[in-house]
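Below is one structure, written out as structure tokens; comments come after it.
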Amino acid sequence: MSMNTAPPAMAAKERRWITSRPVRRFVRHRLAIAGLVMISAIALLCVVGPWMLPHGMLDIHIRDRFSPPGSETYLLGTDAMGRDLAARLFMAGRVSLMVGIAAMVLSTFLGAVIGLVAGYFGKVIGTVLMRFTDAVLCFPQIFLLLVLAAFLEPNALMITIIIALTSWMEIARIVSAEIRSLRERDFVTAARVSGASHTWIMFRELLPNTIGPIIVAATLTVARAILIEAYVSFLGYGIQPPLPSWGNMLNNAQQFLDTAPWLAIVPGVAITLAVTSFNFIGDGLRDALDARSDLQ
Amino acid sequence: MSRVLSVENLGIGFRSEGQDFTVVRDVSFSLEAGQTLALVGESGSGKSVTSLGIMGLLPPPPQSRTTGRIVLHGGDGDGDIELLGLPESRMRRLRGDRIAMIFQEPLTSLNPVHTIGDQIVEAIRSHRRVSRAKARTRAVELLEQVGIPDPQERLGTYPHELSGGMRQRIMIAIALALEPDILIADEPTTALDVTVQAQILDLLRRLQKDTGMAMLFITHDFGVVADIADRTIVMYAGQTVEEGRTETVLSDPLMPYTIGLMNAVPRLETAGLKLGDLKTIEGFVPDPAALPQGCSFHPRCAYMQEGLCDTSPPSIEDAGGGHMVRCKRWRQIGEGRET
């Protein structure tokens, strides 16, 4: 038996994921790497930062209120009650990042499952699910959020759930569109021929093929969820003081905008950095994972 | 020799935009263990639909309807199973296990995101309760069987790292993983180079000898038919138009359509001649929604006789020794050849 196809497969054996094409393309994407470094730094600061600082986030130092950044032991200054802004920023970062990431996980899961089922079955089920998706999409997200927040107890978990419930639609549409083209491919027929069930085909054969677009959309969803959390908390319906979040720190800052602008600038910069970083990572991933070039 | 599958009076129709049309009409055949049956015909003659019907993969009614009988004969005492109307859950257990199938497009029939090892292992484990390690051992065995060098290493590769011929070998390995009684091969070599084609046919023949499975081989290539099939059915417009032992059908075709198809095969003798000498059958397969009156082949037939062929449809007749022909003029055609 003469088979001359050995060389390419031999080379493939040596290949590791770290040197694979998507990873190489991602590493070459400068902004994405900058975003990744930035987010890692922010996350690290939020995790270890509060332990490195001399003051706790709830310690009130009335005599030191409105200290500007860089004064004495207050790295980023203090707020109206003399609480250390740096300590609050890092703790708020924990909350905001956690809410953002948890909302992303939840909405990605929800969107992926709905899109998968809608795209795979098509016909009545698909139409009903996608029209439902469109209907939710037509709702102004912010008002929906505010209405829900007004009825539900506004804590971190609730906010996460509310954000997730209002941001799964994009992923559902992306996944459903991908699945609709994938389900016509021969490997799906091949799977059916070998006796695979619908569930198996959906979750084992089809879903892994859409992982690229899902990752990209999920990354961008984190950025949006952080923004939404900040927005809702800023309006006072989100995370409630004394637990800090980047959004409610901004809320506290607005009445001192002319006398103590750093109160707004510090969390504002944090939000901007985190959101742009996630967006850069998302862009980088989109270029790296370009579904069409890698599917074959 | 035991019979593993009987198809009796199979009819398959579709409904589209409120219109019904029949694409397979009254097709009957049977598969014997260790034997190969070829279904031959142009695109649109209903051969692939027939295979999908056997697998129970046609869209559910009312989009399609299937009539007749498809019986899977039990090998080891589990009796005969009527496949038509079998609940999906039971049909699913038979697919891949008792009846396996390979396709024309090995390039796209493997899932691009799973390693071939995983795909073979999962094919085994979806039907048998065996450990992952055991399934892996079996996968290595299978890859060896289908002639893939270094099977152990190949398990970790992805489909895109392999050539078309290699991928078709993998597909065959997956199809054979559970030692099916029947392998349906839907144009398995059409997308491959001629040399690879020959290798794959060799492989299928060898595997059939080893396992004793029956093969239903769907093709439009008479070269392939001559190479692999014991019996041949020629299909046209959803009907069997000629059937018999492959040697008989190929050396003594009686249905004008078969004759036309055989003439259309490029031969070495014609290779030196100019392009116009490559014979074709004029026209196209008729639209199943608007079949011509009489014999469905008569508008394209070189032997057409007015008043005979275009009035009532011919029935299938035995021309001797199980050589079945659906043509009113097969006697004249046969005689014409003798002289």
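A quick note: this is a predicted structure, and the numbers were derived from the prediction, not measured. Naming convention: chains lettered A, B, ... in sequence-line order (proteins, then strands); numbering from 1 in each chain.
- Here the closest heavy-atom approach between residue B:F103 and residue A:A190 is recorded as CE1-CA, 3.6 Å.
- The two residues A:R192 and B:R95 come nearest to each other via the heavy atoms O-CD, 3.1 Å.
- Heavy atoms closer than 4.5 Å to chain A are found nowhere in B:M91, neither backbone nor side chain.
- With a 4.5 Å cut-off on non-hydrogen atoms, B:M101 touches chain A through its backbone and its side chain both.
- Against chain A, no residue from residues 210-218 of chain B qualifies, as none has a non-hydrogen atom under 4.5 angstrom away.
- B:F29 CZ: more than 12 foreign heavy atoms inside a 6.0 Å radius.
- More than 12 non-hydrogen atoms from other residues, nucleotides or ligands lie less than 6.0 angstrom from CZ of B:R128.
- Looking at B:L110, the atoms closer than 4.5 Å to chain A (heavy atoms on both sides) all sit in the backbone: N, CA, C or O.
- Of all non-hydrogen atoms in B:R92 and A:G195, the two that sit nearest each other are CG-O, 3.0 Å.
- In this structure a side-chain-to-backbone donor-acceptor pair under 3.5 Å is present from B:H114 to A:R204.
- Heavy-atom pairs under 4.5 Å with chain A were tallied for B:E122, B:Q104, B:Q119; the largest tally goes to B:E122.
- By the 6.0 Å contact criterion, CZ on A:R173 is open, its count of non-hydrogen atoms from other residues, nucleotides or ligands being 12 or less.
- Looking at B:L178, there are no atoms closer than 4.5 Å to chain A (heavy atoms on both sides), in backbone or side chain.
- Atom CE of A:M158 sits in a crowded spot, with more than 12 heavy atoms from other residues, nucleotides or ligands closer than 6.0 Å.
- Looking at A:A191, neither its backbone nor its side chain comes within 4.5 Å of chain B, counting heavy atoms on both sides.
- The structure places OG of A:S197 at 9.5 Å from CD of B:E88, a figure rounded to the nearest 0.5 Å.
- Across all their heavy atoms, B:P112 and A:N209 have their closest contact at CG-OD1, 3.3 Å.
- Separating the OG1 atom in B:T108 from the CZ atom in A:R185 is a distance of 7.0 Å, to the nearest 0.5 Å.
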